[in-house]
Chemist: 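One structure, pasted below without further comment.
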Amino acid sequence: MTLNDVNELNADDASSWFEQCCASKVWIYHMVNARPYQNIEALTEQARKAWAKCSHDDYLEAFTAHPMIGDVDSLRKKFANTKEIAAGEQSGAASASESVLYQLKEANHAYLEKHGFIFIICATGLSALTMLEALQARLPNSTQEEMSNAAAEQIKITLLRINKALDE
């Protein structure tokens with residue numbers, strides 16, 4: 001789909017298109033209502049501005065659209081409309097050793113228990129070991145600090161997904 005196509009979608013279809021990039025309803029609302037976009041730079045800038053307007057609850061809503069790192073079955077089942085553009089995001093976990101995958105699983109559950117949401121990282125291009133090291137480094141942080149870290153990672157993921165979803 002081109003940027004022009006996105007600009008011409010009706011509101012419901014545009015909402016679905018933006019949802020594949022980020023699941024926050026508030027973010028989607030801002031993105032749909034800011035159309036038309038003159039170019040990809042304007043779209044990217046609006047994506048950042050819309051994300052900056054989001055609340056703690058909006059962040060959590062976006063995070064729920066992600067599987068835990070290394071949870072490939074969850075990735076397949078959850079939010080099928082992101083399947084095509086999210087397909088390679090955790091490819092680094094696919095070739096990991098059983099030991100690293102087990103440690104990722106354990107650390108992910110500890111993170112979720114401590115912070116109340118899953119570990120969010122822009123995993124594109126990262127090995128499972130790199131993700132594990134980042135997870136272990138961030139686990140001791142305060143929940144407020146992790147909310148900020150996760151939100152920063154979420155916008156990176158969102159921008160990557162926007163670029164993948166556009167055919168330009």
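Count residues from 1 along the sequence. Predicted, not measured: the structure shown is a model, and the values here were computed from it.
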Chemist: In this structure, would L112 and L104 fall into the same cluster of hydrophobic residues linked by side-chain contacts under 4.5 Å?
Modeler: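 In one cluster with L112: L104, yes.
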
Chemist: Verify the cluster assignment for I40 and L9: are they in a single hydrophobic cluster under the rule of side-chain heavy atoms below 4.5 Å apart?
Modeler: yes

Chemist: Hey, could you give me the SG/CD1 distance between C21 and I162, rounded to the nearest 0.5 Å?
Modeler: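 The SG atom of C21 sits 5.0 Å away from the CD1 atom of I162.
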
Chemist: Is there a path of hydrophobic side-chain contacts, each under 4.5 Å between heavy atoms of I/L/V/M/F/W/Y residues, joining L3 to M1?
Modeler: yes

Chemist: Treating D167 as the side-chain partner and T2 as the backbone partner, does any N or O pair qualify as donor plus acceptor under 3.5 Å?
Modeler: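 No: the side chain of D167 does not pair with the backbone of T2.
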
Chemist: Angle class for the F63/F117 ring planes (parallel below 30°, perpendicular above 60°, tilted otherwise)?
Modeler: tilted

Chemist: Work out which heavy atom in I118 is nearest to a heavy atom in P67; give both atom names and the distance.
Modeler: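 Smallest interatomic distance, heavy atoms only, reads CD1-O, 3.4 Å.
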
Chemist: What's the spacing between R48 CZ and I155 CD1 if we round to 0.5 Å?
Modeler: 7.0 Å

Chemist: Starting at NE2 of H30, measure out to NZ of K25 and round the result to the nearest 0.5 Å.
Modeler: 14.0 Å

Chemist: Please answer: with hydrophobic residues joined when any side-chain heavy atoms are less than 4.5 Å apart, are V32 and Y29 in the same cluster?
Modeler: no

Chemist: Looking only at non-hydrogen atoms, find the nearest pair between I121 and I157 and report the distance.
Modeler: O-CD1, 3.6 Å

Chemist: Checking side-chain polar atoms at under 3.5 Å, does S99 have a donor or acceptor matched by the opposite partner on Q103?
Modeler: yes

Chemist: Do Y59 side-chain atoms and Q154 backbone N/O form a donor-acceptor pair below 3.5 Å?
Modeler: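 Judged by distance alone, no pair lies under 3.5 Å.
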
Chemist: When you compare the side chain of D57 with that of E61, does any pair of heavy atoms fall below 4.5 Å?
Modeler: no

Chemist: Can you tell me if R161 uses its side chain to pair, donor with acceptor, with the backbone of C22 under 3.5 Å?
Modeler: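 No, the answer is negative, given that no donor and acceptor are paired below the 3.5 Å cut-off.
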
Chemist: Consider side-chain hydrogen bond (donor to acceptor under 3.5 Å, both in side chains). Of E145, E146, H115, which one does R138 pass it with?
Modeler: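 When side-chain hydrogen bond (donor to acceptor under 3.5 Å, both in side chains) is applied between R138 and each of E145, E146, H115, only E146 qualifies.
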
Chemist: Taking all heavy atoms of A107 and all of L132, pick out the closest pair and write down the distance.
Modeler: CB-CD1, 4.3 Å

Chemist: Which heavy atom of H66 sits nearest a heavy atom of I120, and at what distance?
Modeler: CD2-CD1, 3.7 Å

Chemist: For a quick check under 3.5 Å, do E8 and N4 share a side-chain donor-acceptor pair by atom type?
Modeler: yes

Chemist: Can you tell me how far apart CG (L135) and CD (E106) are? Round to the nearest 0.5 Å.
Modeler: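 Output value for this atom pair is 11.0 Å.
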
Chemist: Do Q38 and L43 touch side chain to side chain, with heavy atoms closer than 4.5 Å?
Modeler: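 When only atoms from C-beta onward are counted, L43 and Q38 do not touch, as no gap falls below 4.5 Å.
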
Chemist: Using modelled atom types and a 3.5 Å cut-off, is there a donor and acceptor pairing between side-chain atoms of K114 and backbone atoms of T143?
Modeler: no

Chemist: What is the distance from atom CG of N108 to atom CZ of F119, rounded to the nearest 0.5 Å?
Modeler: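 Spacing of CG (N108) from CZ (F119) equals 7.5 Å.
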
Chemist: Are W51 and V26 linked, directly or through intermediate hydrophobic residues, by side-chain heavy-atom contacts shorter than 4.5 Å (ILVMFWY only)?
Modeler: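 Looking at the clustering, W51 is in a separate group from V26.
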
Chemist: Measure from the side-chain N and O atoms of Q46 to the backbone N and O of M31, and report whether any donor-acceptor pair falls under 3.5 Å.
Modeler: no

Chemist: What's the spacing between K49 NZ and E45 CD if we round to 0.5 Å?
Modeler: 5.0 Å

Chemist: Under 3.5 Å, is there a donor-acceptor pair between the S55 and D58 side chains?
Modeler: yes

Chemist: Any luck finding a side-chain donor-acceptor pair between D13 and S16 under 3.5 Å?
Modeler: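 Not at all, the side chains of D13 and S16 share no donor-acceptor pair under 3.5 Å.
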
Chemist: Once you measure the plane-to-plane angle for F18 and W27, does it fall in the parallel (<30°), tilted (30-60°) or perpendicular (>60°) bin?
Modeler: perpendicular

Chemist: Might you point out which heavy atoms bring Q20 and A165 nearest each other, and give the distance in Å?
Modeler: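 Shortest heavy-atom separation between Q20 and A165 comes out as NE2-CB, 3.6 Å.
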
